[in-house]
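Worksheet: the structure to be examined is printed underneath.
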There are 2 protein chains.
Amino acid sequence: MVMNESQLDQIFGALSDATRRGMLAQLALGEANISALAAPYDISQPAASKHLRVLERAGLIHRRREGRDHYIGVNPAAVERAQNWIAYYSQFWKQQFDAVDDFLKKRKGE
Amino acid sequence: MVMNESQLDQIFGALSDATRRGMLAQLALGEANISALAAPYDISQPAASKHLRVLERAGLIHRRREGRDHYIGVNPAAVERAQNWIAYYSQFWKQQFDAVDDFLKKRKGE
DNA sequence: TTCATTCATAACCATATGGTTATCTATTTT
DNA sequence: AAAATAGATAACCATATGGTTATGAATGAA
């Protein structure tokens, strides 16, 4: 579980906003340019630009320029870091939760 | 994938700080009181108290009072929400990533 | 009863975040 | 060449975040 802590800060921080999560969700359908990603939200163009910079800084997306369009795609590896952190600890959390649960069930059965 | 968006905001937001992630990691060993959770960090007692309130508001932990001690434990269900969000979309992200990867490998083989 | 410990709360400070409008560059379209 | 489109950047604003010190309440130990 060796991992750059500050990058995890940025990854989770980037995921903590519904607009950015929505953009990532949209990118599950494939690459999109910034206008397309901004369209579903009632925000200004610079606001969308800022959100994408946050996602980019966290390493969650990459950007490919084609003329005046910037095409955005997801970096699954970065998302996986967050997923791994949660998965690693949730083993232990669930385990100890289940232990308490078992104890309560057994006591109820007496 | 119906899920309270603002709670996801809070869950991911709570996970975006290394101190709070450290506290959750420590809780993998079992319940602990606030002093024990604060001990590894060079922060004041009120700072630790604030971090725990953030985790609590996100539903990631629960608190049980015993005399002057507040014992903290993890709520695995809340963590699972974050995990599920990532797991759901990462299918698609990886899938499209693999498709590009295959394409590049095939082209290289020509 | 007095002292120590655990924790919460209030007030404050610096910085980050999420939004805006205005303006600029670069590229495409007409 | 002129107009439209895609984006970036700067300057600004309100609020949130993460930290501090000071203080108070409640419980436990001497």
Side-chain angles (χ1 to χ4, degrees), chain A residues 4-27 30-74 82, chain B residues 4-27 30-74 82:
Chain A
N4 188 328
E5 281 296 328
S6 79
Q7 195 181 357
L8 260 192
D9 284 7
Q10 293 182 329
I11 291 172
F12 281 122
L15 294 177
S16 75
D17 182 276
T19 301
R20 288 193 290 266
R21 285 197 306 278
M23 287 173 163
L24 288 174
Q26 187 176 338
L27 288 169
E31 281 191 334
N33 70 5
I34 297 187
S35 300
L37 288 169
Y41 310 98
D42 191 23
I43 55 175
S44 64
Q45 174 260 315
S49 191
K50 273 190 182 182
H51 281 305
L52 288 165
R53 257 198 299 145
V54 172
L55 290 168
E56 201 171 17
R57 193 183 41 175
L60 289 167
I61 60 167
H62 56 87
R63 180 185 300 241
R64 174 174 64 81
R65 227 186 121 169
E66 196 171 302
R68 62 183 169 179
D69 294 298
H70 291 209
Y71 284 98
I72 308 293
V74 178
Chain B
N4 187 327
E5 281 296 327
S6 79
Q7 194 180 358
L8 262 191
D9 285 6
Q10 293 183 329
I11 290 172
F12 281 122
L15 294 177
S16 75
D17 182 275
T19 300
R20 288 192 291 265
R21 284 198 305 278
M23 287 174 163
L24 287 175
Q26 188 176 338
L27 288 169
E31 281 191 334
N33 71 5
I34 298 187
S35 299
L37 287 169
Y41 310 99
D42 192 22
I43 56 176
S44 65
Q45 175 258 315
S49 191
K50 273 191 181 182
H51 281 304
L52 288 165
R53 259 198 298 146
V54 172
L55 290 167
E56 202 171 15
R57 193 182 42 175
L60 289 167
I61 60 168
H62 56 88
R63 181 185 298 241
R64 175 174 63 81
R65 228 187 119 169
E66 196 170 301
R68 61 183 170 181
D69 294 298
H70 291 209
Y71 284 97
I72 308 293
V74 178

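Chain letters run A, B, ... following the sequence lines, proteins first, then strands; residues in each count from 1. Here the structure is a predicted model, which means the values were calculated and not measured. Heavy-atom basis, side chains included; hydrogens, waters and symmetry copies ignored.
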Short heteroatom pairs, N/O only, protein and nucleotides 17-20 of chain D, under 3.5 Å:
from	atom 1	to	atom 2	distance (Å)
D/dG18	OP1	B/Arg20	NH2	3.1
D/dG18	OP2	B/Arg20	NH1	2.9
D/dG18	OP2	B/Arg20	NH2	3.4
D/dG19	OP2	B/His51	NE2	2.2
D/dG19	N7	B/Lys50	NZ	3.0
D/dG19	O6	B/Lys50	NZ	2.4
D/dT20	OP2	B/Ser44	N	3.0
D/dT20	OP2	B/Ser44	OG	2.6

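- For A/Asp69 and C/dT28, the CG to C1' distance is 10 Å, given to the nearest whole Å.
- Between B/Leu55 and the choices B/Val74, B/Ile72, B/Leu24, the side chain to side chain contact (heavy atoms under 4.5 Å, CB included) rule is met once, by B/Leu24.
- At D/dA8, one or more side-chain N or O atoms of A/Arg63 fall inside 4.0 Å of OP1 or OP2 (strictly under the cut-off).
- The phosphate of D/dG7 (OP1 or OP2) has no side-chain N or O of A/Ser49 nearer than 4.0 angstrom.
- Proximity of B/Ser35 to the phosphate of C/dT5: no side-chain N or O atom is located under 4.0 Å from OP1 or OP2.
- No side-chain donor-acceptor contact under 3.5 Å links A/Arg57 to the backbone of A/Gly59.
- With rounding to whole Å, B/Gln10 atom CD is found 12 Å from D/dA16 atom P.
- Going from atom CZ of A/Arg65 over to atom P of C/dT25 covers 14 Å, rounded to whole Å.
- Between the OH atom of B/Tyr71 and the P atom of C/dT5 there is a distance of 16 Å, rounded to whole Å.
- Taking A/Gln7 as the reference, A/Asn4, A/Ile11, A/Arg81 meet the side-chain contact (heavy atoms from CB on, under 4.5 Å) condition, with sequence neighbours excluded.
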Chi angles and distances behind the side chain to side chain contact (heavy atoms under 4.5 Å, CB included) call for B/Gln10, B/Leu60: CA-CA 9 Å; B/Gln10 293 183 329; B/Leu60 289 167; over 6 Å; no

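- Rounding to the nearest 0.5 Å places CG of A/Leu15 at 8.5 Å from CZ of A/Arg20.
- For D/dG7, one of the phosphate oxygens OP1 or OP2 lies less than 4.0 angstrom from a side-chain nitrogen or oxygen of A/Asn33.
- Note on A/Arg53: every side-chain N or O is 4.0 Å or more away from OP1 and OP2 of C/dA16.
- Between atom CG of residue A/Asn33 and atom CZ of residue A/Arg68 there is a gap of 10.0 Å, rounded to the nearest 0.5 Å.
- How far CD of B/Glu31 is from OH of B/Tyr71: 8.5 Å, rounded to the nearest 0.5 Å.
- Atom C1' of nucleotide D/dA8 and atom CG of A/Leu37 are separated by 16 Å, given to the nearest angstrom.
- Annotation: the terminal axes of the helix from C/dT1-D/dA30 to C/dT30-D/dA1 meet at 20°, where each axis is the rotation carrying the C1' atoms of four end pairs onto the next four (5 pairs per end, rounded to 10°).
- At distances below 3.5 Å, not a single donor-acceptor pair connects side-chain atoms of A/Arg64 with backbone N or O atoms of A/Gly73.
- With hydrogens and angles disregarded, a donor-acceptor distance shorter than 3.5 Å links the side chain of A/Ser16 to the backbone of A/Gly13.
- Counting to the nearest Å, the C1' atom of C/dT28 and the CZ atom of A/Arg68 are 4 Å from each other.
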